Amino acid sequence: MVDSGELEIFRHALTSVVEEMGVTLQRTAYSTNIKIRRDHTCALFDADLRHVAQHDVAPQHVGSLVSVVPRVMRGRTELEPGDGVLVNDPYEGAVHLPDVMLISPLFVDEELVGYAANSAHHVDIGGPTPGGIPNDSTALYGEGLILPGVKAVREWDYDDELLELVLRNVREPAMRRGDFRAQLGANRIGERRYADLHERHGAEAVRERLDALLDYTERRVRAAIGELPDGTFAATDTMDGDGVEDEPVEIALAITVDGDEMTLDFTGTAEENEGPLNCTPAMAFAGAMAHVMALLGGELPKNDGFYRPFEFVTPAGTMVNPSRDRPVAAGWEVAMRAGELVTKAMAEAVPERTIAGTKGVVANVAYGGHDPRDDEPYVFYETVAGGYGARATKDGMDAVQAGFQNTANSPIEELETELPVYVRRYELIEDSAGAGRQRGGLGVRRDVEFYGERATFSLLADRATTRPWGLFGGRPGSAARYLVNPETDPVEVGSKSTTTLAPGEVGSVQTPGGGGYGDPLERDPGAVLADVRDGKVSVEAAAEEYGVVVEVGDADGAATVDEDATDLRRDAIRERRGRESSAAPDGTGAADG
Amino acid sequence: MTVRVGVDTGGTFTDVVCYDASTGEVHTAKTPSTPSAFDRGVLAGMEAVLDRAGVAPDEVTFLSHGTTVGTNAVLEGDLPSLGLVTNAGLRDVLEIGDQTRPELYDLQCEKPPHLIPRRHRKGVPGRLDSAGEEVEPLDEDAVRTAVRELADAGVEAVVVSMLFAHLNDAHERRVEAIVEAEAPDLACARSSAVDPEPREYERTVTTVLNEAVKTRTAAYFARLQEGVAARGITAPLYVMHAGGGVFGVEEAIRHALRTVLSGPAAGAVAARDAAVRAGFERAIGLDMGGTSADVSLVEEGEVVRTTEGEIAGLPLSVPHLDVNTVGAGGGSVAWVDAGGGLRVGPDSAGADPGPICYDRGGDRPTVTDAQVVLGRVDPAAFRGDDPTGAAERARETFERELADPLGESVEAAALAVLRVADAKMARELRRVTVERGRDPAEFALVAFGGAGPLHAPDVADHADVGAVVVPRSPGVLSARGLLLADIRMDESAAYRGDGLAPGPVGDQFGALEAAVRDRLREGGFEAGAAELERTVDLRYRGQSYELRVPVDPGPVDDAALEAARERFHGRHARLYGHAMPDEPVEAVTLRVAGTIATPDIDPPAAAEGGSSRREREVYFQAGGWRSTPVVDRDALGPGDAVDGPTVVEDAGSTALVPPDAAGRVAESGAIVLER
């Protein structure tokens with residue numbers, strides 16, 4: 001029996017192991033995407049392949065490691081101390097090809113005691129499109145190099161021949177080599193520290209504590225689920241299309257809360273796509289669990305015990321569980337929406353805890369070309385923030401990442417130093433937020449101009465044809481827009497497209513705003529005025545959406561609310577709504593959009 | 001004869017230390033802080049300590065002050081209305097920040113404040129490229145319009161921050177000139193002057209915060225300086241900065257942001273002193289108080305420095321001692337969660353009402369209460385009206401809220417609370433050292449602050465740290481740091497040039513050294529007496545994080561630069577496990593620090609008598625309650641052995657020597673514990 005103080009002490013010691021792994025990976029990586037944007041995560045598994053600890057950096061990576069490590073490592077008895085397995089094969093439980101995982105078995109006194117694992121998003125993994133995000137393949141083979149769980153490390157060193165094979169298949173091999181080396185260093189630290197833990201407590205006591213930790217986590221998660229009302233809560237959403245056939249497709253989730261257990265069932269989701277808009281069950285799981293964890297309480301420990309009260313249904317042949325070798329490059333876009341459906345479905349059950357629709361899009365952007373300044377090819381990958389969903393008592397945050405995604409941006413000075421580009425606009429988008437008593441967050445516009453030579457501008461994104469939903473009378477946020485030359489000769493391009501830009505041309509990513517929460521007519525006119533003065537809401541939208549009449553003076557700061565006109569206008573809008581709702585059948589559900 | 005006085009203002013108490021070199025005596029005083037006008041508390045504290053020391057005001061030769069006035073302004077969001085002029089299309093950089101959410105799994109979280117509302121942020125055409133070359137001229141008409149609009153809107157000052165201004169300040173200087181012409185009453189701050197370093201968001205935040213803090217602290221320093229003079233103190237007033245040194249009031253106003261986070265810096269300076277004097281060149285400083293703990297690092301006898309810091313979720317780019325603050329202290333509240341797990345924090349009873357044993361109305365079980373329940377701290381130390389009653393209430397609360405739900409004895413629950421708090425702290429210690437490529441086992445732990453010495457042995461055990469050093473008067477060690485801080489000025493500039501060539505590097509170091517000397521002269525110091533220290537931030541071409549290495553004094557020639565390059569390769573290998581001697585190395589930022597050393601303090605380490613040994617029942621994990629010797633710190637002198645278990649009581653702080661530990665008093669007077 002492990003007492004609760006000992007258990008909490010052990011939990012900190014265990015977390016310390018994964019934190020040190022994470023620090024090592026980030027400190028030693030080469031690519032901006034890993035060391036600055038923090039697109040990576042480390043985790044520990046015990047000898048029974050149970051997930052026991054994670055470094056809280058990027059939930060998408062944790063969710064995938066939880067799926068891939070048991071699947072790839074089960075039954076591999078040939079492994080020895082110092083070995084390591086590289087895997088990115090979606091059909092071995094991994095996710096999309098750029099997320100490469102390294103798994104190392106850990107031994108103490110020649111006995112297997114667990115596994116150190118990490119996942120890092122490599123900026124290039126081969127294939128036709130620079131930046132690892134091909135948007136028109138119809139098979140996995142078109143998406144880059146597949147690593148099906150190969151033993152790539154012996155005695156804490158990469159197998160040279162294998163590594164050369166990998167590096168010959170990817171762009172910027174020197175950068176990738178540095179990142180692979182960082183991944184190995186992280187696991188090695190994990191080995192040393194996990195061994196320390198065994199030395200301190202003894203192997204038997206570690207096992208006992210791990211059991212106790214997972215059981216304790218399970219108890220807490222069951223208690224948290226138990227606080228939710230019982231019932232089945234369902235929601236659906238529509239995605240732009242797969243980049244090949246490009247027809248809108250639906251994703252569906254029904255959550256059943258039964259006492260202290262929860263089922264997430266994606267039955268009803270569209271069939272698998274021809275193009276890359278498919279996600280593996282591991283991705284759907286990672287996306288959904290990020291939202292479930294936030295909804296149940298962020299401070300809950302995250303390990304194997306967390307997942308025990310959950311059942312997860314992803315019907316085979318759908319876009320959340322495609323058949324073997326379907327393309328999955330856009331899988332994280334599906335997973336993002338799979339996660340969003342959790343907060344949407346649970347809106348009626350826990351209205352005070354949930355959020356309206358966020359930007360709902362990963363917004364993968366990649367640039368590739370040749371840099372005239374140093375005569376070298378370049379490839380760069382980033383994602384763009386957007387609006388957060390409004391909350392019961394708070395506006396949605398402007399310009400943040402959402403759901404499982406929390407990667408930082410690349411500083412403009414860094415981008416312009418690395419690539420032959422000028423960032424022409426990096427700004428909030430006026431009127432992009434869904435109106436509401438609490439408004440959504442504003443979307444972001446990032447315009448990049450390429451100079452010198454032609455460049456590829458690749459998008460693997462979504463939300464161009466549908467909008468993030470509002471809740472309880474809140475209005476939807478704006479849809480995304482993807483354009484070329486937005487100021488001079490605007491041409492809309494698809495959310496999954498690659499365009500070759502001539503020197504001087506501009507690629508523009510404009511992400512969605514978040515949905516609003518509650519009736520916009522109940523919003524404090526003073527808050528609307530502040531947004532008008534800040535250019536976040538236009539005078540027209542203030543009147544149309546919020547019924548707030550703003551008088552604009554000549555000088556800055558002179559805008560005021562015309563209170564009488566506002567009262568009249570709000571009454572008129574209410575009256576109009578009354579007429580419309582008696583003429584049309586009432587909408588159902590909490591969500592609006 | 002010299003008398004040095006240091007005043008450290010905290011949110012609750014003002015700590016004052018006075019060192020009289022003629023007698024070697026150190027006097028301390030603790031007076032209440034006065035948040036409505038902090039200068040009153042500072043002056044009261046000075047009077048109290050001079051009175052106690054029997055020193056006349058005009059005998060004071062060195063007066064230094066650490067203040068949280070700037071820090072509080074930032075933390076409380078009490079900032080003036082400012083305007084921003086930046087590049088067209090990029091006015092939201094300040095608000096977008098790094099685009100992340102501060103919490104991964106919290107749907108209700110909020111972003112850090114954006115400091116200047118969007119309506120007061122103006123974009124104007126004009127661009128430089130990544131080499132600092134102009135690619136689009138500045139649109140001066142647009143600047144004029146923007147400045148007039150900001151002036152009409154009533155902002156108190158204008159900040160200008162443009163892309164690549166750290167490489168070329170021409171556009172920013174033009175904007176500054178236009179502000180002066182169009183709105184002569186408005187102050188103007190340039191990012192190229194305040195923080196000439198790459199990364200636009202960090203540079204802009206730093207410039208904005210510096211201007212904001214400047215506006216908020218200038219009046220405070222002026223009042224304080226007047227008050228000091230009015231009390232007959234003729235010594236100049238020095239102000240502690242985050243870089244671990246002091247500078248004059250003029251400097252403190254100009255570089256106002258550098259006074260933010262100076263409190264922890266004074267502690268780090270004192271911890272370094274305690275470590276080095278006890279014979280440890282590598283140490284971790286642990287300053288644990290009521291609400292938080294500060295962790296600093298000493299390597300090769302010097303406090304580790306950085307320029308990347310954070311306050312209120314905002315990145316700061318100022319030269320400072322690398323001190324990490326953890327939200328865990330004696331006031332952290334213990335509780336039992338829904339899974340039956342014992343937890344400590346993040347809630348804190350703070351300083352007011354504080355733990356139950358403070359007897360000021362606190363009713364939640366805290367870490368400090370656990371110390372009282374286990375007999376390690378005398379409840380009378382908290383100066384409540386009814387210490388015995390408060391201790392009894394603490395025990396009852398532990399029983400009801402922790403021991404009963406956990407099915408344990410009160411003692412076991414209290415012990416578990418301490419061990420959990422210590423394990424959390426150890427995790428932080430490990431992170432801080434590992435991030436620097438170091439193993440905690442190579443370090444000694446210097447424990448101070450009210451709660452540090454009690455926790456240190458167990459924290460050291462959890463973190464695999466070998467030795468613990470408990471300095472004299474650990475409760476007011478930070479204020480002591482103020483007496484030890486050197487006069488220090490830092491200047492930096494982005495390197496303009498290709499690769500690493502003696503010509504441009506030498507010229508730019510020369511300019512920086514001249515600037516440091518000018519600043520010292522302006523502050524009334526003898527510039528020739530200053531020690532100038534050059535460092536350069538280097539990286540392999542293509543990398544985006546730099547490592548800082550020293551550049552030898554003397555001529556900047558090929559040999560000096562080669563030596564710097566070698567240091568860089570070596571450091572890279574240690575931190576990252578490999579070096580690439582064949583790859584080109586480039587310089588990003590050049591730095592010069594000028595210091596004028598402050599003499600050491602050499603107080604008598606000998607025993608001063610103190611009271612004789614007492615005994616008290618103290619509870620330990622092994623063996624339960626046992627009668628334990630309690631000794632006064634003043635009764636211990638160099639060479640004395642302090643074997644565990646022993647409780648050592650000092651004014652404002654209690655130290656614990658656990659049963660399996662052996663302590664000895666070092667020549668410096670510090671107690672060194674080893675297991």
Side-chain angles (χ1 to χ4, degrees), chain A residues 3-5 7-9 12-13 15-16 19-20 23 27-28 30 32 35-36 56 59 181 185 216-217 219-220 223-224 293-295 298 343 353-355 385 391 394 397-401 406-409 411-414 416-417 422 424-428 444 447 533-536 555-557, chain B residues 89-93 95-96 98-101 103-108 110-111 117-119 127 129-130 149 152-154 163-164 198-201 336-343 406 408 412 415-417 419-420 423-424 426-427 430-431 434-435 437 462 464 542-545 575-578:
Chain A
D3 79 50
S4 75
L7 185 60
E8 179 73 354
I9 292 163
H12 284 292
T15 310
S16 188
E19 279 176 353
E20 289 178 33
V23 164
R27 221 162 35 79
T28 59
Y30 270 48
T32 302
K35 66 188 177 189
I36 294 180
D56 275 337
R181 194 145 45 180
Y216 155 78
T217 303
R219 281 197 303 279
R220 288 197 60 198
M293 286 169 172
L295 209 56
T343 39
R353 279 203 219 174
T354 197
I355 54 173
R391 292 74 65 95
K394 294 172 175 173
M397 291 175 277
D398 299 334
V400 285
Q401 299 285 36
N406 206 30
T407 37
N409 53 12
I412 295 170
E413 287 176 346
E414 170 116 8
E416 295 192 1
T417 303
Y422 300 120
R424 289 301 181 189
R425 284 177 187 271
Y426 189 38
E427 59 187 18
L428 304 172
V444 173
D447 287 7
R533 294 177 67 193
D534 278 333
K536 293 185 173 181
D556 176 280
Chain B
L90 306 182
R91 66 169 170 158
D92 291 329
V93 161
E95 185 158 355
I96 296 170
D98 75 355
Q99 82 174 8
T100 64
R101 308 188 300 282
E103 300 291 335
L104 273 182
Y105 300 104
D106 180 2
L107 299 172
Q108 309 295 330
E110 296 285 10
K111 286 178 82 165
R118 196 169 195 243
R119 72 193 79 140
R127 281 295 273 265
D129 68 12
S130 60
E149 283 172 1
D152 289 346
L163 286 186
F164 298 109
R199 294 193 188 175
E200 67 281 356
Y201 173 59
V336 176
D337 67 29
L342 173 66
R343 311 284 297 283
L406 294 172
E408 289 171 353
L415 201 59
V417 167
R419 301 200 61 218
V420 167
K424 280 177 84 164
R427 180 175 148 194
R430 290 205 60 95
R431 196 184 59 71
V434 169
E435 266 179 4
H462 282 293
D464 299 321
Q543 287 188 320
S544 51
Y545 273 125
L575 282 171
Y576 302 152
H578 65 279

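All values reported here derive from a predicted model rather than from experimental measurement. Chain identifiers are assigned alphabetically (A, B, ...) following the order of the sequence lines, protein sequences preceding nucleic acid strands; residue numbering begins at 1 within each chain.
Across B:Leu107, B:Leu104, B:Val420, the residue that shares the most heavy-atom pairs under 4.5 angstrom with chain A is B:Leu107. When B:Arg430, B:Lys111, B:Glu103 are compared by the number of non-hydrogen pairs under 4.5 Å with chain A, B:Arg430 comes out ahead. Taking chain B as the reference chain and counting heavy-atom pairs below 4.5 Å, the highest number among A:Ile355, A:Thr15, A:Val444 is found for A:Thr15. Here A:Ser16 is the residue among A:Ser16, A:Gly185, A:Ala223, A:Gly535 with the most heavy-atom pairs under 4.5 Å with chain B. For the options A:Val400, A:Thr343, A:Asn406, heavy-atom pairs under 4.5 Å to chain B are most numerous at A:Asn406. In terms of heavy-atom pairs under 4.5 Å with chain A, the best-connected choice from B:Ala412, B:Ser130, B:Ala426, B:Pro117 is B:Ser130.
A donor-acceptor pair is defined here as one N or O able to donate and one able to accept, closer than 3.5 Å; no such pair exists between the side chain of A:Gln401 and the backbone of B:Arg101. Proximity of a side-chain donor or acceptor of B:Asp98 to a complementary backbone N or O of A:Asn409 within less than 3.5 Å is not detected. For B:Arg343 (side chain) and A:Glu8 (main-chain N/O), no donor-acceptor pair under 3.5 Å exists by modelled atom type. Put simply, the side chain of A:Glu413 gets close to the backbone of B:Phe164: a donor and an acceptor are under 3.5 Å apart.
Contacts of A:Arg219 classified as side-chain contact (heavy atoms from CB on, under 4.5 Å), with partners at least two apart in sequence or in another chain: A:Asp215, A:Tyr216. Every residue two or more places apart in sequence or in another chain that forms a side-chain contact (heavy atoms from CB on, under 4.5 Å) with B:Ala416 is listed here: B:Leu342.
Rounded to the nearest 0.5 Å, atoms OG1 (A:Thr354) and CD (B:Gln108) are 9.0 Å apart. Put simply, CD on B:Glu95 and CG on A:Leu428 are 5.0 Å apart, with the number rounded to the nearest 0.5 Å.
Using a 4.5 Å cut-off between heavy atoms, B:Leu406 touches chain A through its side chain atoms alone. There is no contact between A:Leu7 and chain B, counting heavy-atom distances below 4.5 Å. Only the side chain of B:Asp337 comes within less than 4.5 Å of a heavy atom in chain A; its backbone stays farther off.
Here the closest heavy-atom approach between residue A:Thr407 and residue B:Gln99 is recorded as O-NE2, 3.2 Å. Contact record, A:Ile9 with B:Arg419: CD1-CB, 3.3 Å, taken as the closest heavy-atom pair. Closest approach of A:Ala294 and B:Asp106 over heavy atoms only: CB-N, 4.4 Å.
Contact annotation: the side chain of A:Arg425 never approaches that of B:Leu90 to less than 4.5 Å [non-hydrogen atoms, C-beta and beyond]. A:Tyr426 places none of its side-chain heavy atoms less than 4.5 Å from the side chain of B:Asp92. Contact of the A:Arg391 side chain with the B:Glu110 side chain is registered, since non-hydrogen atoms from C-beta on lie closer than 4.5 Å. A 4.5 Å side-chain heavy-atom check between B:Tyr105 and A:Leu295 finds every atom pair outside the cut-off.
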Please walk me through it: do A:Glu427 and B:Arg91 pass salt bridge (Lys or Arg N to Asp or Glu O under 4.0 Å)?
-> CA-CA 7 Å; A:Glu427 59 187 18; B:Arg91 66 169 170 158; 5.5 Å; no
Determine, stepwise, if the pair A:Glu416 / B:Arg127 fulfils salt bridge (Lys or Arg N to Asp or Glu O under 4.0 Å).
-> CA-CA 12 Å; A:Glu416 295 192 1; B:Arg127 281 295 273 265; 2.6 Å; yes
